[in-house]
Amino acid sequence: MASATSPLTCSASDLAPLLGATANATAAAAFLCSRFTAISDRFVDTSYAVDNTYLLFSAYLVFAMQLGFAMLCAGSVRAKNTMNIMLTNVLDAAAGGISYYLFGYAFAFGSPSNGFIGKHFFGLKEFPSPLADYSFFLYQWAFAIAAAGITSGSIAERTQFVAYLIYSSFLTGFVYPIVSHWFWSGDGWASPARTSGPLLFSSGAIDFAGSGVVHMVGGIAGLWGALIEGPRIGRFDRSGRSVALRGHSASLVVLGSFLLWFGWYGFNPGSFLTILKAYGTEGDYYGQWSAVGRTAVTTTLAGCTAALTTLFSKRLLVGHWTVTDVCNGLLGGFAAITSGCSVVEPWAAMVCGFVAAWVLIGCNKLAERFKYDDPLEAAQLHGGCGAWGLLFTGLFARGGYVDEVYGGHGRPHGLFMGGGGRLLAAQIVQILVIAGWVTATMGPLFYWLHKMKLLRISGEDEMHGMDLTRHGGFAYAYTDEDDQSLRAGVMMRKVEPASASPIGQPQFSPSAV
Amino acid sequence: MASATSPLTCSASDLAPLLGATANATAAAAFLCSRFTAISDRFVDTSYAVDNTYLLFSAYLVFAMQLGFAMLCAGSVRAKNTMNIMLTNVLDAAAGGISYYLFGYAFAFGSPSNGFIGKHFFGLKEFPSPLADYSFFLYQWAFAIAAAGITSGSIAERTQFVAYLIYSSFLTGFVYPIVSHWFWSGDGWASPARTSGPLLFSSGAIDFAGSGVVHMVGGIAGLWGALIEGPRIGRFDRSGRSVALRGHSASLVVLGSFLLWFGWYGFNPGSFLTILKAYGTEGDYYGQWSAVGRTAVTTTLAGCTAALTTLFSKRLLVGHWTVTDVCNGLLGGFAAITSGCSVVEPWAAMVCGFVAAWVLIGCNKLAERFKYDDPLEAAQLHGGCGAWGLLFTGLFARGGYVDEVYGGHGRPHGLFMGGGGRLLAAQIVQILVIAGWVTATMGPLFYWLHKMKLLRISGEDEMHGMDLTRHGGFAYAYTDEDDQSLRAGVMMRKVEPASASPIGQPQFSPSAV
Amino acid sequence: MASISCSSHHLAGLFGPNTTDPTAAAAYICSAFTSVSNSYKDTQRAVDTTYLLFSAYLVFAMQLGFAMLCAGSVRAKNTMNIMLTNVLDAAAGGIFYYLFGFAFAFGSPSNGFIGRHFFGLKDIPDDGNFDYSNFLYQWAFAIAAAGITSGSIAERTHFVAYLIYSSFLTGFVYPVVSHWFWSSDGWASAFKTSDRLFGTGVIDFAGSGVVHMVGGIAGLWGAFIEGPRIGRFDHSGRAMVLRGHSASLVVLGTFLLWFGWYGFNPGSFNKILYTYGQPGQFYGQWSAVGRTAVTTTLAGCMAALTTLFGKRILSGHWNAIDVCNGLLGGFAAITAGCSVVEPWAAIVCGFVASLVLIGCNKLAEKLRFDDPLEAAQLHGGCGAWGVIFTALFAKEEYVAEIYGSGVHHGLFMGGGAKLLAAHVVQILTIVGWVSITMGPLFFILHKLNLLRISQEDEMAGMDLTRHGGFAYVYHDDDSQKHGVQLQKIEPAATIPSS
């Protein structure tokens with residue numbers, strides 16, 4: 001704002017002498033200057049309105065990703081666990097909303113603060129301020145719940161619902177906000193826009209929309225959860241060979257993937273937060289609006305390249321044209337470009353997507369070898385491709401774009417673009433720090449839940465599916481025609497074996513459906 | 001832009017003599033004028049930001065139509081081909097992204113160029129320019145993939161995947177961009193906004209959002225594909241009677257139709273590209289923002305009328321209230337209004353929708369008579385209703401609106417609105433040219449694929465469904481509980497009848513799921 | 001705009017005779033200011049229209065949400081039927097609202113009861129008050145009301161009855177209610193310039209009463225007159241569960257509704273480029289819009305969590321469907337007050353809303369009232385709570401910013417009871433008006449045997465008997481066709497137990 005308004009200022013004491021001999025020079029100058037001040041104020045209003053419109057609609061798109069996650073997860077698990085996984089996705093959003101309001105946002109962006117954790121705006125107290133508005137809170141909340149959504153995929157189909165509630169609140173309310181404070185807040189120790197101290201390696205880590213902050217955090221948390229729980233029953237047979245446990249609906253997987261793609265246009269371009277900002281001279285056709293468009297283009301190209309690479313690689317490796325693999329490849333490309341989307345050229349985005357597809361394939365091979373079971377490939381996809389994305393930014397970030405987006409001149413940029421190794425060093429530090437922090441917090445949590453027997457469901461529950469045993473029934477009833485009550489009875493028998501009547505009455509209230 | 005900035009210019013050399021006797025007239029004038037220049041620049045920035053925000057979010061909505069197509073197609077085919085059709089929709093978007101980036105956009109909008117084909121901006125080189133920004137590229141890409149999506153519906157359930165990849169790249173990368181160059185680029189020979197030569201019939205063809213450029217191109221390409229392939233096995237019985245091959249999920253059809261409706265609000269109103277533009281006097285309540293709203297209203301009313309007309313007609317003709325038919329009618333109304341949405345009155349949109357519903361019903365009758373099989377009625381819907389839409393614009397375009405949208409005074413407009421026959425003549429030329437061009441390019445391509453035995457799958461594959469034979473398995477697994485591996489084995493047996501073991505090992509790698 | 005306006009007469013006086021040509025200089029400068037002012041007006045309109053249009057698109061997406069929610073909540077055999085009604089809500093609503101609904105609602109100037117201009121969008125746009133974008137936005141609201149009602153009477157209603165009530169509701173009943181509370185001429189509107197109800201008028205910002213209660217109460221009468229579905233209550237009167245056929249569609253629909261609600265509530269400001277107090281401040285309508293999105297989110301989140309734990313205690317399950325309904329109940333409740341309450345109050349609103357919903361459901365069960373989607377309980381009950389909630393918790397500062405001074409604020413916030421009185425009147429009026437219009441309509445349809453389908457049709461499912469076939473064909477191999485589907489109707493088929 002400040003830079004935009006300055007040349008419009010008008011000082012009556014400057015203008016009056018210029019008008020000098022007029023009848024009432026002071027009054028004339030005051031008259032004119034008051035008009036200019038009014039115009040300047042009007043522009044301030046306009047830019048607030050435009051920027052908030054932009055940010056709010058971006059936040060809505062990011063929120064739509066939660067729907068995408070829900071559908072992707074639902075389609076990727078077996079039908080008997082659909083209700084369970086969808087419930088966790090709804091609660092990510094709901095519990096995340098409350099905890100991010102109460103303290104998560106304060107930990108992340110409560111400035112002024114130290115480099116480690118924020119300490120203002122608990123419960124949105126003294127909000128809004130000139131620095132942050134409600135739309136920014138909403139936007140950040142949508143990001144926070146995305147991280148928890150990623151993790152839920154890794155531990156799907158075998159985790160107790162209570163464990164889910166605990167880790168989700170902890171991740172959204174504490175682990176994730178602190179990471180976002182480090183890299184995105186003006187006070188964060190590794191932020192490239194740090195104002196309260198020197199930049200890390202004079203550069204700061206560039207994680208524009210969160211390959212590390214969101215995707216790696218979610219992916220590594222999932223990695224530990226899935227590792228501690230062990231694979232699902234039947235995922236590896238007695239001789240140790242891997243057996244595919246197919247999801248129950250490819251339509252839902254495609255629906256979810258497209259919704260995530262749709263929402264990613266809020267995630268990446270939206271991370272500019274404002275759109276009405278000139279770069280360099282005012283009145284020029286090139287400004288932040290153009291950079292926003294470029295970010296949408298790089299995002300698109302990275303995903304497209306990754307999808308095509310996956311298609312042909314899988315055709316060669318497996319022999320099938322598989323839509324679910326293509327969808328995962330696509331998402332891997334998006335997760336990778338998220339870090340550098342605003343500071344790379346479109347052709348570099350294609351490089352990013354190409355490598356991301358191979359990173360994902362490699363991680364999946366590795367996971368299979370180590371008998372690691374992740375129903376949604378979430379750790380591989382968001383952890384692996386997210387880490388590649390951070391490296392990619394350190395290699396391909398273009399100097400001019402970095403200067404425009406983060407301010408300053410001659411900032412360190414990508415190694416391959418002639419910007420030296422400082423940015424790359426900062427990116428590597430970011431990868432290590434995120435991996436370490438999430439491991440140090442989420443690892444013990446999952447281990448403790450495991451020891452308390454709160455993490456994994458019983459083998460019997462797992463065989464029957466959690467929907468029957470925990471969530472009041474199966475998600476689908478396509479074939480029940482008139483034997484509805486019979487079917488409900490059959491299902492309930494499984495839950496309560498004591499029920500004597502062959503056609504048991506449903507025990508739960510009708511409104512439970 | 002020009003209209004917004006011109007009256008705000010302030011020339012110090014004009015103003016200084018007027019201030020004359022003041023102490024320092026030149027300095028005072030320079031002072032004042034510099035302020036006005038700053039204001040003018042600020043308005044330029046603001047309008048770039050507002051217009052880009054508008055265009056980007058419109059592009060996101062148009063992209064959501066790809067999801068709509070995917071769901072509509074998935075629901076309209078039989079369950080055994082669901083994976084196949086969804087994969088083609090994902091790849092439309094992905095392959096389209098790459099090819100449109102590399103050369104499609106250059107062919108379409110690479111100005112300055114000749115009337116036939118563009119020749120700049122390959123790989124977005126020297127982009128952005130004052131004429132076009134990244135947001136415009138993104139918007140046009142979303143349009144390009146829509147055309148390919150239409151065609152995929154016509155040839156669903158019986159086409160080899162490789163054939164699909166070939167025609168899709170060719171259509172998105174070459175056939176469609178050239179058509180869009182003719183009618184939408186400032187250099188195009190039939191463009192109503194042509195700047196590099198005389199307008200066709202002093203009018204140019206008005207195809208505002210692409211009834212012809214997008215829908216007819218996709219529909220006619222599909223017509224040739226489906227015609228050369230022939231109908232699906234079982235579509236017409238031995239005595240030649242038509243047998244309905246029902247899609248597997250009406251829910252997906254409705255989901256897809258609503259998503260397309262949602263996305264159409266980006267497709268039609270978004271085609272204005274800018275929203276901050278005054279018509280006539282500045283500061284008036286009427287301007288492009290109002291025309292954008294009117295376009296959304298005409299779009300809505302055309303679709304609504306077509307849906308209702310279809311509902312009652314089908315009730316009379318068939319005896320059922322059929323939701324899938326109503327959805328198709330709705331989409332037919334949208335495809336028809338797309339051409340004239342910005343230049344007709346709301347009441348005319350209702351006429352458009354009413355006729356579109358009958359055009360679709362007529363085309364379907366005709367298709368049945370000629371034993372033409374199009375699983376999604378795509379050729380009838382997008383080709384037939386699209387052509388009607390072009391005629392409709394030639395009949396009902398209102399003079400005042402045409403002048404506002406395309407500039408100029410007293411331009412030829414609709415025949416029924418007293419605008420003479422020149423616009424109608426241009427529209428008829430457009431229909432003929434598009435039909436001819438697509439036939440001349442896509443017809444031989446499909447024929448060549450047919451001769452190379454690359455077009456149609458084998459009868460055996462078609463009976464089993466492509467999901468099993470080509471895409472690694474069925475899209476749905478609702479009932480598999482613990483006999484997962486057994487089931488997978490059964491499925492694979494169909495592919496490889498040699499497999500002897502009763503419980504076959506899945507042949508595909510676990511990461512394939 | 002006043003402060004940019006420039007009077008060349010006044011300015012020429014200031015320049016005085018020493019300037020070579022003071023009149024021309026002043027005119028020159030002032031014309032520049034006038035064009036600045038005009039450009040600014042254009043900018044304002046473009047920004048506000050962009051905002052309103054995209055909000056309208058989001059609200060429209062709610063219709064998709066309703067369709068998916070309804071489809072998932074009914075049995076598979078009635079899926080085509082319910083989805084068709086949702087498509088037609090939007091389509092028929094579009095035509096009727098264009099022809100006269102919008103005119104009844106906002107055709108000003110008019111009396112307090114009903115509007116009478118803009119039939120068929122004549123004279124739209126009019127001088128900056130109403131533009132096409134306003135029509136589109138209000139249309140999306142109107143079809144939402146009809147969508148609510150369709151849920152209540154699902155699975156047992158004649159399609160023709162559906163067409164009749166839907167047109168009547170969207171074209172007449174709903175527009176009149178929205179005229180009362182939202183038009184500047186409406187007798188109970190807080191936007192009224194004088195003679196406001198109890199000196200304050202009703203604050204129903206985005207329509208807990210106008211949209212949700214109208215839809216919910218219409219559904220209540222419909223479902224009440226039709227009676228419960230076959231098999232919903234057994235011979236001894238105990239409630240049986242008729243489970244919906246797809247929880248995935250329910251969750252999909254719920255998330256889409258949540259997504260669309262960001263157009264419904266924050267979008268109801270209609271404008272975003274509007275200053276509160278002094279221009280040039282960071283705080284203005286753009287901030288209030290953001291706050292509204294936040295209160296909406298928090299109310300829904302809290303209601304979902306409360307329902308989760310409440311139902312766990314009551315029924316022993318972690319039930320996704322119930323959580324979704326609780327969530328929507330929270331949204332329906334916050335809709336009235338979303339713009340004028342603090343975020344913490346929204347949490348209170350959501351907490352109570354979920355208890356209201358649970359209570360209403362218990363009551364419905366006791367009274368043997370069958371509503372397949374809980375629409376009457378959810379939209380009627382939680383909507384009414386939302387109207388009350390606003391009268392208790394509306395904050396003075398926010399009310400003044402949005403409605404101007406003179407409108408009262410919440411009882412618990414020290415604003416006295418006048419607002420509460422007005423809101424109680426709103427609830428009673430809406431209940432009364434919808435009952436005397438929709439009640440007789442449903443009763444006539446019932447008497448003419450146009451309301452409820454035959455028992456046979458109901459058992460077989462309407463998709464087979466009325467809509468040309470079942471919605472799903474998953475296991476069609478090559479012998480597909482109607483034979484397999486029709487077997488399901490013929491009870492000869494044995495069902496292998498799962």
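Labels below follow one simple rule: chain letters A, B, ... track the order of the sequence lines, proteins then strands, and each chain is numbered from 1.
At a 4.5 Å heavy-atom cutoff, A:L102 makes no contact with chain C through either its backbone or its side chain. If you measure heavy-atom distances from C:T43 to chain A, the contacts under 4.5 Å come from the side chain alone. Heavy atoms closer than 4.5 Å to chain C are found in both the backbone and the side chain of A:D45. Heavy atoms closer than 4.5 Å to chain A are found nowhere in C:Q377, neither backbone nor side chain. Residue C:Y262 touches chain A through both its backbone and its side chain, counting heavy-atom pairs closer than 4.5 Å. Interface remark: C:V251 contributes backbone and side-chain atoms alike to the contact with chain A (heavy atom separation under 4.5 Å). For chain A, the nearby part of C:V47 is the side chain; its heavy atoms alone come within less than 4.5 Å.
The structure places CG of C:L52 at 11.0 Å from OG1 of A:T53, a figure rounded to the nearest 0.5 Å. Between the CZ atom of A:R42 and the NZ atom of C:K41 there is a distance of 10.5 Å, given to the nearest 0.5 Å. Atoms CG and CZ, on A:L124 and C:R291 in that order, are 11.5 Å from each other to the nearest 0.5 Å.
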*Are A:F161 and C:L308 close enough, and set up right, to give a side chain to side chain contact (heavy atoms under 4.5 Å, CB included), and what steps lead you there?*
CA-CA 12 Å; A:F161 190 72; C:L308 177 77; 4.1 Å; yes
*Could you walk me through whether A:Y48 and C:Y274 pass the ring pair (Phe, Tyr, Trp, His ring centres under 6.0 Å) check?*
CA-CA 10 Å; A:Y48 274 120; C:Y274 181 80; over 10 Å; no
*Test A:L32 against C:I29 for side chain to side chain contact (heavy atoms under 4.5 Å, CB included), laying out the working first.*
CA-CA 9 Å; A:L32 289 170; C:I29 292 170; 3.6 Å; yes
*asked:* Walk me through whether C:T297 and A:Y100 qualify under side chain to side chain contact (heavy atoms under 4.5 Å, CB included).
replied: CA-CA 11 Å; C:T297 308; A:Y100 208 70; over 6 Å; no
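Most heavy-atom pairs under 4.5 Å with chain A, from the set C:W344, C:Y283, C:F282: that is C:F282. Residue with the most contacts toward chain A among C:P343, C:G284, C:A288: C:P343 (heavy-atom pairs, distance under 4.5 Å).
Residues C:T275 and A:D41 fail the side-chain proximity criterion, which asks for heavy atoms closer than 4.5 Å. Within the 4.5 Å cutoff, the side chain of A:D51 has no heavy atoms near those of the C:W286 side chain. Using a 4.5 Å cut-off on side-chain heavy atoms (C-beta onward), C:F255 and A:V90 make contact.
Between A:A95 and C:L305, the closest heavy-atom pair is CA-CD1, 3.8 Å. Counting all heavy atoms, side chain and backbone alike, C:C301 lies closest to A:A94 at CB-O, 3.3 Å. Residues C:L298 and A:G97 approach most closely at CD2-O, 3.5 Å, considering heavy atoms. Contact between C:I321 and A:M83 at its shortest, heavy atoms only, is CG1-CE, 4.2 Å. What you find for A:T82 and C:S248 is that their closest heavy atoms are CG2-OG, 3.6 Å. Of all heavy-atom pairs between A:Y101 and C:I347, the closest is CE2-CD1, 3.5 Å.
Applying the side chain to side chain contact (heavy atoms under 4.5 Å, CB included) test between C:W318 and each of A:L91, A:L165, A:T88 identifies A:L165 as the sole match.
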Residues 55-74 of chain A side chain polar contacts: donor-acceptor under 3.5 Å, at least two apart:
{"residue": "A:S58", "atom": "OG", "partner": "A:Y54", "partner atom": "O", "Å": "2.9"}
{"residue": "A:Q66", "atom": "NE2", "partner": "A:N89", "partner atom": "O", "Å": "3.3"}

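Annotation: cation-pi geometry not satisfied between A:R35 and C:F33 (NZ/CZ under 6.0 angstrom from ring centroid, within 45° of ring axis).
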